[in-house]
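Here the structure comes first, spelled out in structure tokens, and everything after it is commentary.
Chain naming here is simple, since letters A, B, ... match the order of the sequence lines and numbering starts at 1 in each. All figures in this text were calculated on a predicted structure; none of them were measured in a lab. For the numbers below, each heavy atom of this structure counts, side chains included, while hydrogens, waters and symmetry mates do not.
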Amino acid sequence: MSDLRVRFAPSPTGYLHIGGARTALFNYLLAKKQGGTYVLRIEDTDVARSTQESVDAILDAMEWLGLSCDEGPFYQSERFDLYKQKVEQLLQEGKAYRCYCTQEELDAKREAAMKEGRKPKYDGTCRNRSDQPDMPNVIRFKLPEDKEETTFVDKIKGAITVRHEELDDLVIARTDGTPTYNLVVVIDDAEMGINLVIRGDDHVNNTPRQILLYEALGYPVPEFAHVPMILGSDKKRLSKRHGATSVMAYQEMGYLPEAMVNYLVRLGWSFGDEEIFSMDDLIEKFSIENVGRSAGVFNPEKLLWLNSHYIKTGDAVRLAELLKPFLASKGISTEDGPNLVAAVKSLQERASTLIEMAEGAAFYFVDSVSYEEKAQSKFLRPEQKPVFETLLAELEKCPEFIEDQLESAFAKIMEVTELKFGKIAQPLRVALTGGTASPSIYEVLQVLGKDRSLSRIKQAIDSL
RNA sequence: GUCCCUAUCGUCUAGCCUGGCCCAGGACACCGGCCUUUCACGCCGGCGACGGGGGUUCGAAUCCCCCUGGGGACGCCA
């Protein structure tokens, strides 16, 4: 056990995306590895944009990935009293002040600053005003004047220093009185005892001002570890136009959670030359020290490769369960068809996703085979009739459809027809599956079973 | 624009801290071959990188500086 306390704090304004999932995973892994605590906190201070739907979507995705939290989920929307009290405290201590500048004024100043090539930041207009007019106002945190710069040692990036002249007095409470992100994140992390903040790279710039807030509020400052961003193939920030960015979209596309976890962890982290990691491996091997410092490009092809790996090596019974919804959505019922687990086994090394597997499995469960046009014209020709009849007769004699019996049956068939195996197998494959690509003929025969196989051969003969 | 971060094959990365074992290793993708009853799997092989320039050193992917590229931040979003 250790006293490590980490957290993942998504804002519920949409689904859980790839980047967030990776951040959550890193937090989770480190907590598990060190016997620490992983806290989940929903950052819903922006009431207008936060939705229950998003909260549910995020929770679902976390569950799918297997990232269960030790504490939470906590909701910031339920903690406004605490924040209000802290704002009041800062106001009383003279560490914050009311600002009456309007949105329009600020926008204009910001634009002007940008245009003049200056860093757009609040000019402190209301900082020293002594009156307290009865007008709408926000509350700003007064940048401490006793220090020139703030430095922190990031666990991933190393020492980072920001000069205070780059900072300004940030808004900690909006006109409507609700607190803003930089304030609540500090209060919550402190109150929840978080001692290592692992979050996205995009927060590096916020960190110095948050440290100042920790100090102003009398909290101990935690450690920080900023993980690099995930980019799209064009090196731009990953977004929808690069393809699916929602974790759950990958579930819908037939990906396995262990593939997603494995992919995500290897994007920006490595352990020698190893590529394949189970969750248990990761809990044992993960470390912040081995997290890279630069942004990485999301590579769907590698994810797909991992997915095919996990399908190939996965437990067929479990895969069969996972496959059912995909079959159902194709209108395929497995009720009184062949054994689904056997069907899955025959497809494991030829499907990269559950969707592909469902497509590949469809023929097993249809009532009557429909032939692909090309396959039919090439392999189901009238002159094949004797071959099919021999097939039917010999297979009929086969007491059980198991490997060695099928083999001897085929030896006989090859003898009678004087044809090579391939000349028999391919037409039979079309008769059995409707197409030219499928698991091996013996497997298909076995999975289908004797009755179904024979009736499909008869169907083929009738079609000639 | 300003500030912060960052820089090894197309992509993810090992190596960098503690210079020589690296004319740079692995993986995905791609190409070729083998295997084979189809499709796949698998196996073997190939292609392919230290961004540029200066230093330091007997020696630099590794240390220092500059440039360039890329990303991020600059909100009454988080």
Side-chain angles (χ1 to χ4, degrees), chain A residues 9-13 43-46 48-50 76 99 101-103 106-107 110 113-121 136-140 154 156-158 160-163 165-168 170-182 184-185 199-208 226 228-229 231 233 235-237 263 266-276 290 292-306 308 312 347-352 356 360 375 379 410 420-426 428-430 433 435-442 444:
Chain A
S11 66
T13 53
E43 309 230 317
D44 54 355
T45 52
D46 186 351
R49 296 201 305 156
S50 302
Q76 291 187 322
C99 169
C101 298
T102 65
Q103 195 83 250
L106 295 173
D107 289 346
R110 199 161 15 239
M114 282 281 223
K115 202 168 280 176
E116 290 168 33
R118 285 181 295 115
K119 184 160 186 145
K121 56 178 206 175
N137 63 82
V138 299
I139 296 168
R140 286 181 185 273
D154 191 274
I156 292 171
K157 310 242 177 202
I160 294 174
T161 299
V162 171
R163 299 190 54 76
E165 61 197 34
E166 300 300 330
L167 273 26
D168 64 359
L170 90 178
V171 173
I172 55 175
R174 304 182 180 95
T175 306
D176 65 5
T178 57
T180 61
Y181 168 74
N182 278 298
V184 298
V185 76
R199 74 217 317 189
D201 216 347
D202 48 343
H203 288 290
V204 169
N205 295 275
N206 284 328
T207 306
H226 287 95
M229 301 273 86
L231 311 177
S233 50
K235 299 268 177 92
K236 300 290 181 204
R237 197 187 187 126
Y263 178 71
R266 274 289 286 108
L267 215 190
W269 174 84
S270 61
F271 192 80
D273 281 345
E274 291 182 40
E275 294 288 349
I276 305 296
N290 289 330
R293 287 163 303 181
S294 54
V297 173
F298 179 71
N299 182 351
E301 281 162 343
K302 190 147 186 181
L303 206 208
L304 186 64
W305 172 73
L306 280 164
S308 61
K312 214 175 302 166
L347 292 160
Q348 274 181 281
E349 52 183 41
R350 46 203 108 219
S352 293
E356 278 182 30
F379 294 105
F410 270 84
K420 283 196 186 171
F421 188 81
K423 292 284 178 196
I424 302 166
Q426 205 57 354
L428 178 57
R429 173 170 284 112
V430 177
T433 72
T436 53
S438 83
S440 88
I441 276 297
Y442 292 147
V444 172

Sugar-phosphate, base or nothing in reach of A/Lys420, heavy atoms under 4.0 Å: nothing
Touch class at under 4.0 angstrom, heavy-atom based, for A/Lys121 against every strand present: nothing
Residue matched to B/C58 through Watson-Crick or wobble contacts both under 3.5 angstrom: B/G20
B/A73 - base-pair partner by Watson-Crick or wobble geometry, distances under 3.5 Å: B/U2
Euclidean distance for P, B/A73 against B/A27 (whole angstrom): 36 Å
Between B/C30 and B/C16 - P atom distance, rounded Å: 32 Å
Presence of salt bridge, A/Asp201 and A/Lys157, under 4.0 angstrom: yes
Partner nucleotide of B/C41 by Watson-Crick or wobble geometry (both distances under 3.5 Å): none
Expected output: side-chain A/Lys121 to main-chain A/Glu165 donor-acceptor under 3.5 Å: yes
Summary of protein contacts for nucleotides 10-17 of chain B, nucleotide by nucleotide, where a base hit scores B, a sugar-phosphate-only hit scores S (4.0 Å, heavy atoms): -BBSS---
Sugar-phosphate only, base, or nothing, as touched by A/Arg110 at under 4.0 Å among non-hydrogen atoms: sugar-phosphate
C1' atoms of B/G51 and B/C35, separation to the nearest Å: 43 Å
Strand partner of B/C35, provided both Watson-Crick or wobble distances fall under 3.5 Å: none
B/C58 to B/C12 separation - C1' atoms, rounded to the nearest Å: 37 Å
Spacing of the C1' atoms in B/G15 and B/C21 (rounded, Å): 12 Å
Results of ring-ring contact (aromatic ring centres under 6.0 Å, His included) for A/Phe298 - residues two or more places apart only: A/Tyr263
Complement of B/C28, any strand, by Watson-Crick or G-U distances under 3.5 angstrom: B/G10
Touch class at under 4.0 angstrom, heavy-atom based, for A/Thr45 against every strand present: sugar-phosphate
Any residue meeting salt bridge (Lys or Arg N to Asp or Glu O under 4.0 Å) with A/Arg266, in chain and number order, not counting sequence neighbours: A/Glu275
Which atom pairs link the protein and nucleotides 60-68 of chain B when you take only N or O atoms and keep those under 3.5 Å?
none

Sugar-phosphate only, base, or nothing, as touched by A/Thr178 at under 4.0 Å among non-hydrogen atoms: nothing
Sugar-phosphate, base or nothing in reach of A/Asn206, heavy atoms under 4.0 Å: base
B/U8 to B/G69 separation - C1' atoms, rounded to the nearest Å: 15 Å
Residue list, ring-ring contact (aromatic ring centres under 6.0 Å, His included) with A/Tyr181, at least two apart or on another chain: A/His203
Touch class at under 4.0 angstrom, heavy-atom based, for A/Val171 against every strand present: sugar-phosphate
Nearest-angstrom distance, P atom, B/G20 to B/C64: 15 Å
Sugar-phosphate only, base, or nothing, as touched by A/His226 at under 4.0 Å among non-hydrogen atoms: nothing
Check against side-chain contact (heavy atoms from CB on, under 4.5 Å), A/Val171 and A/Arg140: CA-CA 4 Å; A/Val171 173; A/Arg140 286 181 185 273; 3.7 Å; yes
Glycosidic conformation of B/C9, taking syn as within 90° of 0 and anti otherwise: anti
Pairwise P distance, B/A29 and B/U36 [rounded to whole Å]: 24 Å
Nucleotides 34-51 of chain B: protein proximity per nucleotide (B base, S sugar-phosphate only, - neither; heavy atom, under 4.0 Å): ---BBBBSS---------
